Every structure is written in C-alpha cells, then in structure tokens.
Amino acid sequence: MTTTSDFATEHTINGVEQVRRLVTEIPGPQSQGLLARKANAVSAGVGIGLPTFITKAAGGVLIDADGNSLIDMGSGIAVTTVGNANPEVVAGVQEQAANFTHTCFMVTPYEGYVQVCEALNRLTPGSHDKRSALFNSGAEAVENAVKIARAFTGRQAVVVVEHGYHGRTNLTMGMTAKNMPYKQSFGPFAPEIYRVPISYPFHDGPHGGTEVANWAISKIEKELGATNVAAIVIEPILGEGGFIVPAPGYFKAMADFAQANGIVFVADEIQSGFCRTGSWFASEFEGVVPDMITTAKGIAGGMPLAAVTGRADIMDSVHVGGLGGTYGGNPVACAAALGSIAWMEANNANERAKEIESIMLPRLKDMQINHPTIGDIRGRGAMIAIELVKPGTMEPDADRAAALNKYCHQHGVVTLTAGTYGNVFRFLPSLVMPRHLLEEAMSVLEEAFEATSA
Ligand code: PLZ
C-alpha cells in the first residue's frame, strides 16, 4: 500500500503536458540559431550548461524553441521549488505589476516588503524576536549578513569552510572555496576571510562531525583568536560544493562555539532553504537556531529576491540607512515570494520533498550496485547528489560526471554537476515534479551509466 498522497501525479500542469519528448536533436535548429546570436551578443564569460533556448515552462518541464519538452531536474539551480510559472506566483506577480512595479522601499514603502519579512521571521528557526532585510541576489544577502555581523560585533574576521559557496561578488568570491570558474583571474579578494575544515563524511574516514568541528575551532582559536571573529558563515548542506551533508554534530558544534564566543553564526540557506530538503530550513535537521540566516532562490519562485533574517538585537544594531539598495525587496518580487510561501504552506511542501527523496534514493542505490563509480549517494529531500569516483578508489571522476551530464542533456533531462572536483552529479527537482517524470529521469540516468561505462 502506498500513502504518497501528496505526491504530484498530474499529467498536465498549467496546460503543459508533463512529458519528456524530443522532436529534434539538442540543440535543435532554432536553438542553434540563437546560440550563434548569443556568441555575437553575450559576453563569452557567461557560460551555458545545456545549450537549448527555453520558451515556456510549467511544473517539472521546460519547453525549448524547437518544441522539445525536457524534464527539469535542476529548477534553475534550486529556484523554482514550487514549480515553474506556479499559478500562485504568476497571479501575485501579475496583480502587483499592474498596480505598481517599483517605488524603492527606502523612498516610499509598501506592505508586501513587510509581509515577506513577517513571513521570514515566522518561518525561520527559533521563536526569538527577529528582523529581516531584503535584497536582490544571494551574494548580496551574504554580503549584508557580513556587514551586519561586523557592525554588531565591532570585529572583522569572517570564517568560512572548505568547499563552501557564497557568491560571485568580490566579498563572496573570497568566501567561496573553488577557484575555477568563480575566482580565477578576478582577484585581489577582500581581506579577513579565513577558511576552516568542513565535515565531509565520504572523505573523512572515521572522523565524526564533532571531531572535525574541534579541528576547525582549534584553528580559529589558535590562528585568528575567537574575539576577532565577527561571523562564521556555513551552508548546513553545501550546495555548489557538492551537496555535502556534514556529519551529525558538526554544524551544532560550530554554532555552539560561535554563540559562546560572541560570534554571529550565519546559516547560508540560499540553496538549502524553503522546503528544498524536507524542512523549511536545513538547519532544523541539526537542531541549530542560527543567529542569522541568508535566503534567496526558492523564496520567490523565480523572481529575484534574497533576504537576511536574524536576531532583532543584531539586525537592529546597524545605523539607520546602513542597509538597502535601489531594488532590494522589489514589490513584484515580494508578491512572488508571498505566492510561493502560501503555496508551500498550503501544499505540504516538506512532505513532497521527502517523497522525492524516498523515490530517488532507492533508484540511485540500485544503480550503485552495477556502477561502483557511484562512490556516495547523499542529500536530503529534493536536494540529492551522487559523487563519482574511479571504482575502488576515492579518486574523483569528473570526466564521468561530465559524460553523464551530456547524455542526460541529449536525452531530454536537465541535470547539473557540482563539487570542488566537478565529480558530483546533483538533482534539484521542483516539488511539483510528477512522479512519472521523476522515475523517468532516473531511468535516463541509468541508461547514461550504461552508455558511458568503459
Ligand atoms: N550561497 C549557498 O548556493 C548560489 C550559483 C550559480 P546568487 N548558488 C548558485 C553560479 O554559478 O553562479 C548561492 C548559493 C549559496 C550564495 C549563493 C549566491 O546566490 O543569487 O547566485 O548571488
């Protein structure tokens, strides 16, 4: 007997058939024409994962300019969690755009901004008094979290972890671990950023979460001095770093150390937040109440919005006028966030994420039996990845990850890679991904393993 009552079974969403159907090669002729124009018009620095141009999307599929219908296992990097063009998001956006598109909240405010902050203060971990501030991108939220932590503590040092990712602006590039493609030739980076070990269970051998945290803490104490540290910024599940789930105890030990030493503990939940992992925020799995939390991506169903939410005393320590930006908390983006959050609350979003996990994990474990290149299967909810190694070793196999990615793309499944060594294959389906498409995506992956095995 199955009780997957919340799991999407729809074969049509917003009038779009939920099907994988290829009518041309990928990229087809229309996309090829657009790619040629892209090469002439768009900076070569802006890369593309899957070279096909999208004209429509709904639920769990993307339709391209040639009429191909692709299963979207990436959600635009964990953004369209409530499904692409979710009707509640679209309705909110349309109504708000028809009323007014912009005033600048710092010039003349509007209610939507306050409503989003109220929702964030209510939904983020902890029942303490909180305040929020809204921005445009994840990187901007992280930058502001650091600004606020520095203003509150009067300290400068920022501690981040190995494999961490926090953005592409100057400060957040410095906070990001991986050089290519994010940092190469873009320095110098901001000072006062220090990197400490992360618990990485697949690679740590017998060392547990608390043990690795103790190394990190000792490094902070001996090399920086705890009293010089303004903030420790960590993703509870590392996103771009390869969906590393730190061993139990690591995240909590780091939070406890921060909180015992007057350091602001910032959970970067930009990728892991908003029901992605089967909980509103992944920090909850570790029993951690962060002092501050950064969010973006899934918050607004595809519209650009980001936030910093934190303890009222910390958030209110900044001088009036110290935080802001022309577009931060744009009214249309706020309306999208309110639609997205309302959908999550009304549709058992966390249960849907857990069901996605319960379908994907057994399929991936089955594949691992025949394909020992799958060294590790990890993640939570609708944030699942496999790490590829040369069989029988711990040596990363980025070529295999790239080959699998290519196969999936050519067969109508949008997939993403990740990881410092490029050897992680990650899945971020929307929570409305119909079950039949999720199963089909797993079958295509299985074919990809067969087709790419030596
Ligand atoms: N913090 C944890 O995952 C964005 C980056 C894709 P922005 N991750 C996707 C790319 O190649 O640029 C991210 C994140 C975490 C911060 C960010 C930054 O968010 O909205 O991309 O600025």
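Read the numbers this way: they start at 1 and go in the same order the structure lists the ligands and their atoms. These figures come from a predicted structure and were not determined experimentally. Throughout, residue positions are numbered sequentially from 1 according to the sequence presented.
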Can you confirm whether more than 12 heavy atoms, excluding those of Lys56, are under 6.0 Å from its NZ atom? no

State which residues pass side-chain contact (heavy atoms from CB on, under 4.5 Å) with Lys252; sequence neighbours excluded, sorted by chain then number. Asp256, Val288

Has Lys38 got more than 12 heavy atoms of other residues, nucleotides or ligands less than 6.0 Å from its NZ? yes

Verify the ring-centre separation between Phe265 and Phe251: is it less than 6.0 angstrom? yes

Is the Tyr327 to Phe135 ring centre distance short of 6.0 Å? no

Among Glu240, Arg276, Glu235, find the residue that satisfies the side-chain hydrogen bond (donor to acceptor under 3.5 Å, both in side chains) test when tested with Gln271. Glu240

For ligand 1, protein residues within the heavy-atom limit of under 4.0 Å are Ile77, Ser137, Gly138, Ala139, Tyr165, His166, Gly167, Arg168, Tyr182, Glu235, Glu240, Asp268, Ile270, Gln271, Lys297

